[in-house]
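Here the structure is laid out as C-alpha cells; the discussion comes afterwards.
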Amino acid sequence: MSALIVVDLQEDFINGSLAVKDANSIIQPIIKLLDLNWDCVIATKDWHPQNHTSFASNHQVAPFTELEFVNPDNGAETKLQTVWPDHCVQGTDGAKLDPDLEEKLDILLPPTTAKIVTKGSLKDREYYSCFRDCWKLDNTDLKDYLKGKGVTRVVLVGLAYDYCVLNSAVDASEFGFYTYVLKDYTRSVYPEKDGETDAKYKSSGVKLISFDELHSMGLDVPITNC
Ligand SMILES: [Zn+2]
C-alpha cells in the first residue's frame with residue numbers, strides 16, 4: 001500500500017509571510033500526482049498558535065535568527081533552531097491549503113482515501129516533521145493512521161525540501177516505511193544548500209527519485225472512474 005504525503009502546501013509558504021522561492025511552480029504538478037493510484041493521500045498543515053515559539057516576533061529578534069531552544073520535557077538538552085516570520089497561524093488565510101489542492105482532495109475517487117494532518121499546535125516546540133515535534137516527544141496520529149491502513153511505502157512532495165519535507169521523510173524512514181521524495185515536486189528555503197540537504201536524505205535511507213521512477217513502483221497509473 002502506498003501513500004502520497006503532500007507537505008505544507010499552504011498559502012504562507014506559497015505567497016505569504018514565509019513564501020518559498022518558486023513554490024507556485026510545483027502546485028499544479030502536485031495536484032496532477034493525486035490522479036495516480038495511491039491508496040492514501042495525506043496533506044499536512046503547519047498549524048501554529050499566535051504565541052508559537054518558532055516565531056521570531058515572540059523572541060524580539062529578527063526572522064531567520066538562530067536561537068538556542070531547550071527540550072520542553074527535561075529542560076536540559078538544547079538545540080540551535082531558526083526562528084521564522086509568523087506563519088500558518090491557526091484559522092488565518094495564511095494557514096489555508098492551496099485552494100486547488102483542497103478542492104482536489106474533496107473529489108478524490110475511491111479507493112484512494114484522503115486525510116489532513118496538522119502539526120505545530122503545541123506552542124513550546126518546533127515541528128518540522130508531520131509525524132512529531134523536533135524533540136520527538138509529541139506524535140501526530142499519522143504514523144498510526146498509515147500503519148492501520150497497511151501502508152508500507154510513502155512518497156513525499158511539497159514544502160520545503162530542506163525543512164518539513166526533510167524531517168518528515170527522515171521520520172518516515174525511521175518508522176520503517178520505504179520512503180521516497182520526488183525532488184522535482186519540492187522547493188527549498190535555501191536551494192543553495194541542496195547538496196547538503198540531499199546528503200541528509202541519503203544518510204537516512206530516503207530515496208530521491210524522479211517522476212519516471214514511479215513507473216517501476218506501479219504508481220504511474222491514473223485512477224479511472226469505472
Ligand atoms: Zn511552522
Side-chain angles (χ1 to χ4, degrees), residues 5-24 26-27 30 42-73 77-99 101-102 105 115-143 156-172 181 185-191 193-194 197 200-201:
I5 302 179
V6 180
V7 178
D8 295 5
L9 219 60
Q10 291 167 275
E11 291 298 327
D12 273 341
F13 295 129
I14 300 167
N15 300 305
S17 60
L18 189 42
V20 177
K21 189 164 178 269
D22 199 29
N24 274 293
I26 61 171
I27 293 169
I30 287 175
I42 309 294
T44 74
K45 291 171 82 169
D46 220 16
W47 191 248
H48 296 309
Q50 181 64 60
N51 60 352
H52 194 252
T53 194
S54 75
F55 296 171
S57 62
N58 291 322
H59 302 275
Q60 292 77 50
V61 297
F64 308 103
T65 305
E66 280 203 322
L67 296 180
E68 190 173 88
F69 285 89
V70 180
N71 181 316
D73 207 21
E77 187 189 357
T78 62
K79 279 181 205 280
L80 273 182
Q81 289 180 330
T82 303
V83 290
W84 307 100
D86 294 11
H87 62 277
C88 300
V89 174
Q90 295 168 2
T92 63
D93 286 350
K96 288 182 178 165
L97 288 177
D98 172 81
L101 174 65
E102 185 132 46
L105 288 169
K115 175 179 172 65
I116 292 177
V117 172
T118 60
K119 62 187 173 73
S121 49
L122 292 181
K123 68 172 185 180
D124 62 353
R125 62 199 68 188
E126 179 63 281
Y127 293 69
Y128 292 133
S129 167
C130 53
F131 289 96
R132 57 187 173 181
D133 70 283
C134 287
W135 303 95
K136 305 185 176 182
L137 300 172
D138 177 53
N139 293 296
T140 68
D141 61 357
L142 181 55
K143 180 177 76 167
L156 294 100
V157 297
L159 301 169
Y161 180 68
D162 43 354
Y163 284 94
C164 293
V165 178
L166 172 65
N167 285 271
S168 298
V170 168
D171 277 350
V181 171
Y185 293 70
T186 69
R187 290 293 181 270
S188 299
V189 177
Y190 297 111
K193 295 185 184 166
D194 271 2
T197 306
K200 290 177 188 169
Y201 280 104

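The model shown is predicted, which means the values in this text are computed figures rather than measured ones. When a ligand or atom number is given, it counts from 1 through the structure's own listing order.
Considering only residues two or more places apart in sequence or on other chains, Lys115 meets the salt bridge (charged side-chain N to carboxylate O under 4.0 Å, His left out) condition with Asp141.
More than 12 non-hydrogen atoms from other residues, nucleotides or ligands lie less than 6.0 angstrom from NZ of Lys79.
The CG atom of Asp12 sits 9.0 Å away from atom CG of Asp86, with the distance rounded to the nearest 0.5 Å.
Classification of the Phe13-His87 ring pair by plane angle, with boundaries at 30° and 60°, yields tilted.
One side chain, Ser129 or Asp171, offers a donor N or O that lies under 3.5 Å from an acceptor on the other.
Of all protein atoms, those of element N, O or S that lie under 2.8 Å from the Zn ion (ligand 1) number 3.
Considering all non-hydrogen atoms of both residues, Ala95 and Lys45 come closest at O-CE, 3.3 Å.
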